[in-house]
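The chains referred to below are lettered A, B, ... by the order of the sequence lines, with proteins before strands, and numbering in each begins at 1.
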2 protein chains.
Amino acid sequence: MVKRVNLRDDECPVARALDVIGDWWSLLIIRDALDGVRRFNEFQTGLGIAKGMLATRLRDLTERGILESAPASDGSAYREYVLTEKGRGLFLVIVALRQWGEDHLFGPNQPMSSLVETKTGAPVARLGLLAQNGQRLEWTDTKVTKAED
Amino acid sequence: MVKRVNLRDDECPVARALDVIGDWWSLLIIRDALDGVRRFNEFQTGLGIAKGMLATRLRDLTERGILESAPASDGSAYREYVLTEKGRGLFLVIVALRQWGEDHLFGPNQPMSSLVETKTGAPVARLGLLAQNGQRLEWTDTKVTKAED
DNA sequence: ACTTTCTAGTTCTATTTTAGAACCATATTG
DNA sequence: CAATATGGTTCTAAAATAGAACTAGAAAGT
């Protein structure tokens with residue numbers, strides 16, 4: 001007993017998602033991977049994470065199909081960690097976290113990094129939830145329905 | 001030392017966000033709060049979380065301005081936990097996690113709960129990132145720029 | 001060729017967090 | 001006013017985390 005709780009078989013997709021990437025470091029690793037980080041050392045020094053932690057995180061994320069190991073792009077004998085399609089799918093999760101952080105976690109004169117369109121350098125638009133007909137939805141306009149398979 | 005790493009002053013909004021809600025339970029509590037859960041017991045039995053964990057999580061989330069304590073809506077002497085504006089701002093983070101989970105974490109015949117428009121019962125649209133001009137952006141079209149104060 | 005340094009880890013220990021059970025005070029119900 | 005529900009706190013064992021020390025193979029310098 002006292003095993004860490006397991007949400008892998010929960011019927012809620014949010015719970016399953018958190019089971020996979022719901023810890024301190026995983027999303028930061030994925031954030032950096034989306035920014036082009038690929039090598040062990042690059043992750044380690046960039047994040048300031050302990051090497052042991054990083055090693056187990058990279059292994060777990062690889063096992064879960066978020067990252068995959070590839071030969072180094074510079075021709076050396078080392079390997080690299082690159083996002084899979086599944087891993088790249090987390091882009092919008094990172095963007096949502098980023099926009100929330102920008103809105104609520106910075107003081108007036110605190111510098112923050114920001115997400116821009118590569119081509120123009122212009123900041124991206126805010127995320128918004130739409131109905132199928134294109135109308136904007138607030139959280140009060142939605143509800144979760146139980147599975148009824 | 002060996003204190004849990006602190007990202008509160010990182011210049012990246014993603015890091016700061018994870019500092020606040022980047023653990024197993026917080027986002028699940030917020031998910032349930034968005035679904036209308038308000039009482040200690042309701043959270044506890046719904047999540048299957050240990051009472052001690054829940055108590056510290058509710059306290060931390062309250063201290064960080066995500067939840068606030070309010071008199072019970074049924075007139076009893078108990079208190080309730082309700083989301084603040086800041087807490088409700090996490091709605092899109094939950095939606096992004098949900099859509100990713102739906103896409104990548106379910107087998108063909110596994111039932112899942114889903115997010116629908118309350119009025120019509122129709123499923124919501126997929127989130128997408130847009131440029132200021134309304135054009136759709138993929139992750140390859142964006143980059144993060146360092147703060148330059 | 002051989003020594004040095006870099007890379008990518010593994011192992012070890014101390015501290016912290018988590019899970020769960022047991023306990024407890026106050027509020028509500030019968 | 002006794003029983004039960006609510007909302008916790010406290011305790012212990014197990015697991016996760018942080019950081020330092022160590023290691024093996026690759027690359028670079030001389």
For this session: Check the distance between D/dT6's C1' and B/E80's CD and give it to me in whole angstrom.
Result: 13 Å
For this session: Output yes when at least one side-chain N/O atom of A/R59 is less than 4.0 Å from OP1 or OP2 of C/dG9, else no.
Result: no
Problem set entry | Contacting residues from residues 26-43 of chain B, given that a heavy atom lies under 4.0 angstrom of DNA chain C | none
Exercise. In whole Å, what is the span from the CG atom of B/N6 to the P atom of D/dG19?
Worked result: 12 Å
Exercise. Do B/R88 and A/E138 sit within salt-bridge range, that is, some charged N less than 4.0 Å from a carboxylate O?
Worked result: no
Exercise. Closest approach of A/V82 and A/A70, non-hydrogen atoms and distance?
Worked result: CG2-CB, 4.4 Å
Exercise. Could you run down nucleotides 22-30 of chain C 5' to 3' and tag each one B, S or - for protein heavy-atom contact under 4.0 Å?
Worked result: -----SS--
Seminar exercise, completed: Heavy-atom nearest pair, B/E11 first then A/F106, reads O-CZ, 3.7 Å
Problem set entry | side chain to side chain donor-acceptor pair (under 3.5 Å) partners of A/R126, counting only residues at least two apart | A/D103
Seminar exercise, completed: Taken to the nearest whole Å, CG/B/D23 to C1'/C/dT16 is 14 Å
Exercise. Between B/W25 and C/dA19, is there a side-chain N or O to OP1/OP2 distance below 4.0 Å?
Worked result: yes
Exercise. For C/dG9, does OP1 or OP2 lie under 4.0 Å from any side-chain N or O of A/Y81?
Worked result: yes
Seminar exercise, completed: Closest heavy-atom pair, A/F43 versus A/I49, reported as atoms and distance to 0.1 Å, is O-CG2, 4.3 Å
Exercise. Can a side chain N or O of B/R79 be found less than 4.0 Å away from OP1 or OP2 on D/dT6?
Worked result: no
For this session: Give the rounded distance in Å between these two atoms: CE of B/M53 and P of C/dA19.
Result: 6 Å
Exercise. Can you check the A/L54 CG to D/dA20 P distance for me, whole Å?
Worked result: 16 Å
Problem set entry | Contact nearer the 5' end of DNA chain D, comparing A/G52 with B/A55 | B/A55
For this session: Taking the side chain as every heavy atom from C-beta outward, state whether A/L92 and B/Q99 have any atom pair closer than 4.5 Å.
Result: no
For this session: Report the distance from atom CG of A/D74 to atom C1' of C/dC6, rounded to the nearest whole Å.
Result: 13 Å
Exercise. Within a strict 4.5 Å, meaning less than it, do heavy atoms of the B/W139 and A/I94 side chains meet?
Worked result: no
Exercise. Between D/dA15 atom C1' and A/W24 atom CH2, what is the distance in whole Å?
Worked result: 18 Å
For this session: Could you tell me the separation between the CD1 atom of A/I49 and the P atom of C/dA8, rounded to a whole number of Å?
Result: 15 Å
Problem set entry | Shortest non-hydrogen contact from A/S113 toward A/R98 | O-NH1, 3.0 Å
For this session: Would you check, one step at a time, whether the test side chain to side chain donor-acceptor pair (under 3.5 Å) holds for A/S73 with A/E80?
Result: CA-CA 8 Å; A/S73 48; A/E80 297 185 335; 3.0 Å; yes
